Student: 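Here's a structure for you.
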Amino acid sequence: MNHKKDKNLNIFFLLIMATAGVQRFLNGLEVFELFESFANPLQRNLFFTFFIPPLYYLFFHNLIFKNTSSKRIVLHFTIPILIAILSSIFNPNLVILKAIFLLYSSAYIVFTGLLIREKLFQNKNYKELIHFQSIKNWTLIIFAFSFLIYFLANYIFLNYSNEEGQNVLINFYNITSLIWLFIIGYILKNPVILYGEQLLLEKINTSTKEEIEVWRNKKKGDSEKDDLEVEKKVKGKEEEMIFAIKKSEHELLQNFTDLPSLKQLAFKIDYPQSHLKYIFKYYTYCTFGEYQNILKVKYAMKLIQSGYLDTHTIDSLAIKCLFTNRSTFYKNFKKQTGFSPTEYQIDTSSN
């Protein structure tokens with residue numbers, strides 16, 4: 001279950017994992033002769049297969065939109081029920097049933113592809129990108145996996161016969177289990193999928209002490225009278241805004257050519273300036289002007305750690321970090337780190 005701003009539990013993924021996992025687990029017990037035989041629902045009634053395509057489609061819809069309406073869920077699960085009812089009335093033969101499933105599953109794979117193309121690859125503002133970047137690779141990998149499942153399911157279904165039903169299903173489980181193993185491995189290597197990027201970064205940040213403390217865990221005191229209106233608008237968005245600022249800071253330190261003003265930062269992360277002023281006033285240990293100096297010092301620390309002072313002077317470092325002169329740089333660096341640049345270089349080298 002993702003946390004807070006990445007907060008929705010994608011119940012459809014759990015259903016997919018349960019459907020795929022239970023069948024393969026029971027089949028494994030049977031192979032190792034720990035279980036005599038399990039009554040696979042697909043052997044009794046092939047119409048259970050028709051519930052799989054909408055399940056995957058709803059998973060993608062929920063992943064991209066963070067929410068799926070009850071009407072949409074009912075609609076997509078009503079379709080396979082209607083197919084089952086109509087089939088029980090008209091009793092089509094196996095060949096017709098295979099053709100229906102091919103068309104039905106093809107429609108769902110196309111709809112899913114169009115959904116991903118429309119919503120995942122359109123231009124987004126910075127606020128939207130914060131959350132979409134963390135799921136984009138996951139979405140594409142699972143879609144590729146879904147397409148492979150679609151191909152294998154139809155290939156195996158087209159070669160399905162009532163006499164060889166069990167063997168066909170076992171072959172399907174054997175092939176797709178390898179794919180599921182890859183998916184599980186990918187999840188373990190990318191815990192952001194399960195935790196959400198915001199919570200994962202919070203967990204990482206709590207495990208190591210920040211070199212320069214900027215952000216408060218709790219709000220500093222009560223809001224002043226002039227800030228009460230802004231407080232109402234900001235309430236509930238504080239963590240999301242701080243996360244957006246941290247993300248922007250990380251990007252800035254990768255390409256440190258200019259410092260954004262409050263107006264430029266507000267434009268980039270798509271929040272009003274008044275909201276940012278409130279955040280810096282009540283959730284930091286510094287003013288915005290001091291925060292800009294901290295960014296310069298952080299960049300200097302990064303350069304020193306990479307060995308910049310081995311081949312350059314402190315004056316050069318001060319200019320590169322956008323300080324006006326060596327004296328201002330030295331004073332700010334000492335204030336924020338407790339070391340002079342040279343002392344910090346020695347301490348970094350010894351560690």
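Note that these values count all heavy atoms, side chains included, but never hydrogens, waters or copies made by symmetry. Keep in mind the model is a prediction, meaning the values are calculated, not measured.
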Student: Check whether any side-chain heavy atom of Ile116 sits under 4.5 Å from a side-chain heavy atom of Leu140, and report yes or no.
Tutor: yes
Student: Is the side chain of Arg117 donor-acceptor paired with the backbone N or O of Gly113 at a distance under 3.5 Å, no angle test?
Tutor: no
Student: Tell me whether Phe90 shares a hydrophobic cluster with Phe101, the cluster being built from Ile, Leu, Val, Met, Phe, Trp, Tyr side chains joined at under 4.5 Å.
Tutor: yes
Student: Does Phe59 belong to the same Ile/Leu/Val/Met/Phe/Trp/Tyr cluster as Leu114, with side-chain heavy atoms less than 4.5 Å apart forming each link?
Tutor: yes
Student: Closest heavy-atom contact between Pro341 and Ile304?
Tutor: O-CD1, 4.1 Å
Student: Compare all side-chain heavy atoms of Ser223 with those of Tyr278 and state whether any distance is below 4.5 angstrom.
Tutor: yes
Student: Count I, L, V, M, F, W, Y as connected when their side-chain heavy atoms are under 4.5 Å apart, and connections chain through other members. Are Leu82 and Leu55 then in the same cluster?
Tutor: no
Student: Is the NZ or CZ atom of Arg216 positioned over Tyr285's six-membered ring, under 6.0 angstrom from the centre and within 45° of the axis?
Tutor: yes
Student: For a quick check under 3.5 Å, do Asp258 and Gln264 share a side-chain donor-acceptor pair by atom type?
Tutor: no
Student: Quick check on the 6.0 Å ring-centre criterion: do Tyr344 and Phe333 meet it?
Tutor: yes
Student: Decide if atom NZ of Lys281 counts as having more than 12 heavy atoms of other residues, nucleotides or ligands within a radius under 6.0 Å.
Tutor: yes
Student: With side chain to side chain contact (heavy atoms under 4.5 Å, CB included) as the criterion, how do Ile11 and Asn62 come out once you've worked through the C-alpha distance, each side chain's angles and the decisive distance to 0.1 Å?
Tutor: CA-CA 9 Å; Ile11 189 66; Asn62 193 263; over 6 Å; no
Student: Pairing donors with acceptors under 3.5 angstrom, does anything connect the side chains of Ser316 and Tyr308?
Tutor: yes
Student: So, the side chain of Glu290 versus the backbone of Thr287: is there a donor-acceptor pair under 3.5 Å, distance only?
Tutor: yes
Student: Going by heavy atoms in the side chains, are Pro53 and Ile109 under 4.5 Å from each other?
Tutor: no
Student: For the pair Lys98 (side chain) and Leu158 (backbone), establish whether a donor and an acceptor sit closer than 3.5 Å, ignoring hydrogens and angles.
Tutor: yes
Student: What are the two closest non-hydrogen atoms of Pro260 and Leu265, and how far apart are they?
Tutor: CB-N, 4.2 Å
Student: Quick one: does Met301's side chain get under 4.5 Å of Leu253's, heavy atoms only?
Tutor: no
Student: Would a line drawn from the ring center of Trp180 to the ring center of Tyr173 be shorter than 6.0 Å?
Tutor: no
Student: Would you name the heavy atoms of Ser340 and Tyr330 that are closest together and state the gap between them?
Tutor: CB-OH, 3.3 Å
Student: Looking at Ser177 and Asn174, would you say the former's side chain and the latter's main chain have a donor-acceptor pair under 3.5 Å?
Tutor: no
Student: Within the 4.5 Å heavy-atom criterion, are Tyr186 and Trp138 side-chain neighbours or not?
Tutor: yes
Student: Just by distance, do the side chain of Lys263 and the backbone of Gln273 share a donor-acceptor pair under 3.5 Å?
Tutor: no
Student: State, yes or no, whether a side-chain contact exists between Phe13 and Leu63 at a heavy-atom distance under 4.5 Å.
Tutor: no
Student: Are Tyr271 and His275 near enough that their ring centres are under 6.0 Å apart?
Tutor: no
Student: Tell me if a side-chain donor or acceptor on Glu238 pairs with a main-chain N or O of Gly236 at a distance below 3.5 Å.
Tutor: yes
Student: After noting the C-alpha distance and the side-chain angles of Asp310 and Gln345, does the key distance pass the side-chain hydrogen bond (donor to acceptor under 3.5 Å, both in side chains) rule?
Tutor: CA-CA 9 Å; Asp310 295 342; Gln345 180 190 22; 3.0 Å; yes
Student: Where do Glu231 and Lys219 land on the salt bridge (charged side-chain N to carboxylate O under 4.0 Å, His left out) test, with the steps shown first?
Tutor: CA-CA 11 Å; Glu231 182 179 52; Lys219 180 170 171 277; 3.5 Å; yes
Student: Under the rule for salt bridge (Lys or Arg N to Asp or Glu O under 4.0 Å), what residues qualify as partners of Lys320, not counting sequence neighbours?
Tutor: none
Student: If we ignore angles and hydrogens, is there a donor and acceptor under 3.5 Å between the side chains of Arg326 and Thr313?
Tutor: no
Student: What is the minimum heavy-atom distance between Val230 and Ser274, and which atoms define it?
Tutor: CG1-O, 3.7 Å
Student: With Phe256, which of Lys302, Lys296, Lys298 fulfils side-chain contact (heavy atoms from CB on, under 4.5 Å)?
Tutor: Lys296
Student: Given 3.5 Å as the limit, does a donor-acceptor pair link the side chain of Asn154 with the main chain of Tyr150, or not?
Tutor: yes
Student: What about the rings of Tyr56 and Phe60, do their centers lie closer together than 6.0 Å?
Tutor: no
Student: Any link between Leu188 and Leu181 through a network of hydrophobic side chains (Ile, Leu, Val, Met, Phe, Trp, Tyr) touching at under 4.5 Å?
Tutor: no
Student: Looking only at heavy atoms, which two atoms of Ala266 and Pro272 are closest? And how far apart?
Tutor: CB-C, 4.2 Å
Student: If you define the side chain from C-beta out and look only at heavy atoms, does anything of Leu29 sit under 4.5 Å from Phe25?
Tutor: yes
Student: Got a second to check how far Ile100's CD1 is from Ser105's OG, nearest 0.5 Å?
Tutor: 11.5 Å
Student: Using atom types as modelled and distance alone, determine if a side-chain donor or acceptor of Asn332 lies under 3.5 Å from a backbone N or O of Thr328.
Tutor: yes
Student: Taking the six-membered ring for Trp and the single ring otherwise, decide whether the centroids of Tyr108 and His76 are under 6.0 Å apart.
Tutor: yes
Student: Is there side-chain contact between Leu97 and Phe50, with heavy atoms separated by less than 4.5 Å?
Tutor: yes
Student: If you count the non-hydrogen atoms of other residues, nucleotides and ligands that lie under 6.0 Å from CZ in Phe151, is the total more than 12?
Tutor: no
Student: Please confirm whether the ring centroid of Phe329 lies under 6.0 Å from the ring centroid of Phe323.
Tutor: yes
Student: For Ile179, is there any backbone N or O sitting under 3.5 Å from a side-chain donor or acceptor partner on Thr176?
Tutor: no
Student: Please lay out, stage by stage, how Lys246 and Glu239 fare under the test salt bridge (charged side-chain N to carboxylate O under 4.0 Å, His left out).
Tutor: CA-CA 10 Å; Lys246 286 181 178 179; Glu239 286 190 18; over 6 Å; no
Student: If every non-hydrogen atom of Ile294 is compared with every non-hydrogen atom of Ile212, which pair is closest and at what distance?
Tutor: CG2-CG2, 3.7 Å
Student: Counting only heavy atoms not in Phe111, do more than 12 fall under 6.0 Å of its CZ?
Tutor: no
Student: Grouping I, L, V, M, F, W and Y whenever their side-chain heavy atoms are under 4.5 Å apart, do Phe143 and Ile141 come out in a common cluster?
Tutor: yes
